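To keep things clear, I will list the structure first and then write my remarks on it.
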Amino acid sequence: MTPNENPQNPGQPQQISLNDQMKRRLEERLHLAESGVNPYPCHFDVTHFSDSIITNFEDDATETVSVAGRIMTIRKMGKASFFHLQDANGRIQIYLKKDDVGESSYQTFKLLDIGDIVGVKGYTFKTKTGEISVHAQEFSLLSKSLRPIPIAKEKEIDGQKVVYDAFSDKELRYRQRYVDLIVNPDVKQTFIKRSAIVSFMRGFFTGQGWLEVETPILQPIYGGAAARPFTTHHNALDMQLYLRIANELYLKRLIVGGFDGVFEFAKDFRNEGIDRFHNPEFTQVELYVAYKDYEWMMKLVEELFYQAACAVNNCDSVVFLGNDISLKPPFRRLTITDSIKEYCGIDISDKDEHELRSMARDLGLELDPKISSGKIIDEIFGEFVEPKLIQPTFITDYPIEMSPLAKEHRSKPGFVERFELIAGGKELCNSFSELNDPVIQRERLEAQSKLRQRGDEEAMIVDEDFLRALEYGMPPCAGLGVGVDRMVMLLTGQDSIRDVIFFPHLKPE
RNA sequence: GAGAAUAUAGCUCAGUCGGUAGAGCAUCUGCCUUUUAAGCAGAGGGUCGAAGGUUCGAGUCCUUCUAUUCUCACCA
């Protein structure tokens, strides 16, 4: 695409709406170039970052530093000026005096705007009012900004930072995340933490000797979860493909192949509704470990969340959705049957579909007459129990109909060895002892495909190649899926998934 | 999918009963060599989300549409 082409309407020049401020900045860009100042030079030698200058400052020892960043505030006072420069780590005040930088350089400075990126060389000092600053000896323009950034002003009152005119339009913040990141420092911190959480998990897993792998996103048959997929088309092969809804079936093939532990940070895609807990594309880390079961996996998950919280927050408790949550192990464990007994006062064990349905009706739950007993239990749980589980809780031993890929419970017929981790009333993890009997797995998938024929769009499809892999023999195995976005929400205290994804899905402008 | 709210200057927001489009910040001009929501004096800046309608007259009332936000539904 040529630079001036309109992406929405190829062939047409792009309509850049020019307001007065942009016009002026464009003229300034030309004016600077004509007067011999390159508005976009190639490099600048940075020696210091704002945060380290401030931490290492000593009153009687000035230090020569080169810093670079974006101009965020300007206070011009005739022949001297102050401005704040924002670099990757924070802000530092710069003091610029005409006598020090020279007439022409000072004239150039006076043309600059908030939003321009500059480099400054100077020495550190503390102003009359006590702010650690850099006294500029040289400065240079590094990149001219053509669009005015939203200016939020800050004032400290009794140590409390008060922000005026903050850039707060949520739509604009999501659409122009780059601006959000420039002007709202907390946003940047959330994403730095997100990266730290992912790094921590990667280290936690590889430290055990498990292998990080990559498996297909474009799949001819989707599986591993109950969800509607996105479809796409491969032209050369002229075939329909699906964007993965999970990578479970591929990772298990790798366990068959002889790896003892594999994991993948997977972007998954589900063609479903959008709300503050769901984005159409989201990140899930899935982990499979041979010769282990779900009991073992629960201990691992406790450690994972506890250590991750300590690593990124230096603290084992968080505030999530308005609740104080402690991530100190052990987490409470409760079978789904016991949880319903506790929160609804009813005993669902050994009840048939008819009895369960009337119990649900007594609780005031309207149910689709087509759904079977496992799904009824899930509905009761989802409606009356899950929202009440604020502290981290493992809910275990789900009805077998809901879990076609999990192994039947070793001592409870009709249930599987499965757990979910719930915190703040929301599911964060799902895990089971993986079903590795290929004959039973085939039966379960075929039962799913019957549900599918009856109109359940989320029922799974029989994946013959996956079954073939199991027929070669898969060791006993524990599997885990962690919703990374939700885990980041929990550990950063964000109430919406949109605040932990840089570019959440929005309709086109 | 349903309901509620929102959409006015680059940003944050006022706009009363339908009668000339407002403020602060930002921008521009002038003054100002340790300021910090810098200050002082002046100036410019608007297709009031889009399209229809009612009316002598619509930012304001009505209809439709678009987008967003929140809640609910759906959703491992």
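By convention in this document, chain letters (A, B, ...) are assigned in the order of the sequence lines, proteins followed by strands, and residues within each chain are numbered from 1. In this text, all values refer to a predicted model and were calculated from it rather than measured experimentally.
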Is there a donor and acceptor pair closer than 3.5 Å between the side chain of A:T127 and the base of B:U35? yes
Convert the base pairs of RNA chain B into dot-bracket notation, remembering that pairs crossing earlier ones are written with [ ] and that bases paired across to another strand are shown as |; include only Watson-Crick or G-U pairs under 3.5 Å. (((((((..((((.....[..)))).(((((.......))))).....(((((..]....))))))))))))....
Where do A:K23 and A:E27 land on the salt bridge (Lys or Arg N to Asp or Glu O under 4.0 Å) test, with the steps shown first? CA-CA 6 Å; A:K23 271 184 194 152; A:E27 282 160 12; over 6 Å; no
As a test of understanding, state which of A:T124, A:D51, A:V134, A:V120 forms a side-chain contact (heavy atoms from CB on, under 4.5 Å) with A:I92. A:V134
Applying salt bridge (Lys or Arg N to Asp or Glu O under 4.0 Å) to A:K407 and not counting sequence neighbours gives none
Under the rule for ring pair (Phe, Tyr, Trp, His ring centres under 6.0 Å), what residues qualify as partners of A:F502, not counting sequence neighbours? A:F191
Taking ring pair (Phe, Tyr, Trp, His ring centres under 6.0 Å) as the definition, give me every residue that meets it alongside A:F305, ordered by chain and number, with sequence neighbours left out. none
Salt bridge check: are A:K252 and A:E286 linked by an N-O gap of less than 4.0 Å? no
Which of parallel (below 30°), tilted (30 to 60°) and perpendicular (above 60°) describes A:F205 and A:F265? tilted
Electrostatic pair A:K188-A:D180, nearest N-O below 4.0 angstrom: no
Taking O4'-C1'-N9-C4 for purines and O4'-C1'-N1-C2 for pyrimidines, is B:C62 syn (within 90° of 0) or anti? anti
If you only use heavy atoms from C-beta on, which nucleotide in B:U69, B:A38, B:A37 is closest to the side chain of A:Y164? B:A37
Pull out every protein N or O sitting under 3.5 Å from an N or O of nucleotides 71-74 of chain B, one pair per line with the distance.
from, atom 1, to, atom 2, distance (Å)
B:C74, N4, A:D275, OD2, 2.8

Generate the contact string for nucleotides 22-28 of chain B. Rules: B means base contact, S means sugar-phosphate contact only, - means no protein heavy atom under 4.0 Å. --BSBSS
Is it true that A:D397 and A:K412 make a salt bridge, defined as a side-chain N closer than 4.0 Å to a carboxylate O? yes
Using a heavy-atom cut-off of 4.0 Å across all strands, would you classify A:S403 as base, sugar-phosphate, or nothing? nothing
Please confirm whether A:K267 makes a cation-pi placement over A:F282, using NZ or CZ under 6.0 Å from the six-membered ring centre and within 45° of the ring normal. no
Could you tell me whether A:D378 contacts a base, only the sugar-phosphate backbone, or nothing, with contacts defined as non-hydrogen atoms closer than 4.0 Å? nothing
